[in-house]
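Accompanying notes for the structure given below.
Both counts, for ligands and for their atoms, begin at 1 and track the order of listing. Values reported hereafter were calculated over all heavy atoms of this structure, with side chains retained and with hydrogens, waters and symmetry mates removed.
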Amino acid sequence: MAKPRLAYVCQNCGAVSQRWQGRCESCGAWNSIVEESAGSGIGAQAAPGARKGRVFALSSLAETDRPAPPRTTTGIAELDRVIGGGFVPGSVLLLGGEPGIGKSTLLAQACAALSMKDRRVIYISGEEAVDQVRLRALRLGVAGAAIELAAETNVDDIVATLSHGAAPALVVIDSIQTMWTPLVESAPGTVSQVRGAAQALIRFAKSAGAAVILVGHVTKDGQIAGPRVVEHMVDAVLSFEGEGGRDLRLLRGVKNRFGPTDEIGVFEMTGRGLAEVPNPSALFLSARDAAAPGAAVFAGMEGTRPLLVEFQALVAQSALGTPRRTVVGWDAARLSMVLAVLEAHAGLKLGQYDIYLSVAGGLRVGEPAADLAAAAALVSSLTGRTLAADSVYFGEIALSGAIRPVTQANARLKEAAKLGFRRATRPQPSPDAGAEKGEPTADELVVHACKHISELVAEIAAGAPSSSPNGARASPRP
Ligand code: TYD
Ligand code: MG
């Protein structure tokens, strides 16, 4: 038999090369190439003696009148919503997050919630001893839950154990980087090992109809450590994030074959585990100082849920040759664009100012609809005029200075009205959008339609934004 060939596999992207290099040619990562046995990297060929193909039955797409996959709900609403309404049996989910963010805590709570519903739940820890997991459960107040525990890292043993007895409803593997299989000849944590282990667990999930959650560590630059390939193999990828030093935790869907990916779940880390935050807008606005210039409330959407957050801007005379532009929680390129539009179409001179923009509460906003709120905060700080405390803003700014309509305007307005806001500045609804149904009445909210960025600037410069007579349904509140 020929001696095993060696291949050099990048631990960052999984690319295979024939010789060792300091830098991966495919992804550009330095020092990421590790020697592994050939046949384990991407594009590996089947061994020559492998069995012949078996003929299997094909089924018709049209004849599948099967019901939607059943879902196993945990009862933790913030988690269930992000995964699309509960775990799908037979699916594999990857949960990524920085060390210490609370992945093990979240999963311990999910396991406990499911076990209360008399479902078989197994928690395999490759990082902590069984006693450490017990201590955490004690702290969470779920020490009495019927969760089956083990501290194991050999995937073959794990799959053998899981296949024994009744099929579990949920299996947690904490973490995939600690798992290894004797079938692969590389060290645990390498691409081949992680992929081999993930493959074995995915196979188990499909055959047993159990939902499996893999915990994945995240590198400094925010990627799930090691193999991106695992992200492609699993059915759903969630990321658990938080702001350094804060108790707020956000659970985001990154990929989901069985549900939406734009939902977020909001939690707060307390002394007794993660608490759900059912009304995050109230939390994000809780520490607001509405009397200071430079703050504007953005009526945003995160998936199907409206979310109000405060944009804070500081425009200050610069002592530097090149003024500073700093953004936290928003896209720096979008800030540059909004500043350029303010200069070009509203006549503002911003060249000699340092500009800081931040989204309060540690949230990251990705929607273009935030342009108008960012612009309002910037103009407010520049002019020193405080915006009305009961005002919200949303709308996308075009390069021409026009304010473009955005989706789900009514959901945004409703949330604002619910939280006690009385005015909203938003784009003119597009004529082909059809009749705006369910818009809050003028009693609840005075809606001002803003067509151009110069209107916004003129209004703020003139004092608090008033309701415009030609606004969509503007009529001042009695
Ligand atoms: P953990 O779930 O172990 O994080 P991960 O698995 O993502 O590495 O959570 C660790 C942090 O959470 C730790 O710093 C302590 C804190 N924590 C609480 O604040 N309250 C709690 O009830 C628990 C269990 C943990
Ligand atoms: Mg952990």
Please determine if Gly273 has a nitrogen or oxygen closer than 3.5 Å to a nitrogen or oxygen of ligand 1.
yes
Short side-chain to backbone donor-acceptor contact, Glu367 and Gly300, under 3.5 Å
no
Close-contact set for ligand 1 against Thr105 heavy atoms, below 4.0 Å
1 (P), 2 (O), 9 (O), 24 (C), 25 (C)
Keeping Ser318 on the side-chain end and Tyr353 on the backbone end, is there a donor-acceptor pair under 3.5 Å?
no
Are any side-chain N or O atoms of Arg195 and backbone N or O atoms of Thr190, one a donor and one an acceptor, separated by less than 3.5 Å?
no
What atoms of ligand 1 come within less than 4.0 Å of a heavy atom belonging to Pro99?
8 (O)
Verify the neighbour count for atom CZ of Arg119: are there more than 12 heavy atoms of other residues, nucleotides or ligands below 6.0 Å?
no
Applying a strict 4.0 Å limit to heavy atoms, is Leu107 in contact with ligand 1?
no
Which ligand 1 atoms are under 4.0 Å away from a heavy-atom of Arg272?
22 (O)
If we number the atoms of ligand 1 from 1 as shown, the ones under 4.0 Å from a heavy atom of Thr270 are 18 (C), 19 (O), 20 (N), 21 (C), 22 (O)
Asp235 side chain vs Val92 backbone, donor-acceptor pair below 3.5 Å
yes
Under-4.0 Å salt bridge between Arg249 and Glu78
no
Need the ligand 1 atom indices (1-based, order shown) with element for anything under 4.0 Å from a heavy-atom of Ser104.
2 (O), 5 (P), 6 (O)
Closest to atom 8 (O) of ligand 1 among protein heavy atoms sits Gly100 N, 2.7 Å
Would you give me the side-chain donor-acceptor pairs under 3.5 Å for residues 208-215, sequence neighbours excluded?
none

Nearest protein heavy atom under 4.0 Å from atom 10 (C) of ligand 1, yes or no
yes
What atoms in ligand 1 come closer than 4.0 Å to a heavy atom of Met269?
12 (O), 17 (N), 18 (C), 19 (O), 20 (N)
Tell me which part of Val215 gets within contact of ligand 1: side chain, backbone, both or neither, using heavy atoms under 4.0 Å.
neither
Does a salt bridge link Arg324 with Asp354, judged by any charged N lying under 4.0 Å from a carboxylate O?
no
Hey, looking at atom 4 (O) of ligand 1, which of Gly141, Ala275, Ser125, Gly102 has the closest heavy atom?
Gly102
Counting backbone and side chain alike, does Ser104 bring an N/O/S atom below 2.8 Å of the Mg ion (ligand 2)?
yes
Carboxylate-amine/guanidinium contact Lys418 Glu415, below 4.0 Å:
yes
Which of Leu285, Leu419, Val309, Leu387 passes side chain to side chain contact (heavy atoms under 4.5 Å, CB included) with Val297? Answer is Leu285
Give the single entry among Glu98, Arg139, Gln132 that approaches atom 15 (C) of ligand 1 most closely by any heavy atom.
Arg139
Would you mind telling me if ligand 1 is within reach of the side chain of Arg136, the backbone, both or neither, using heavy atoms under 4.0 Å?
side chain
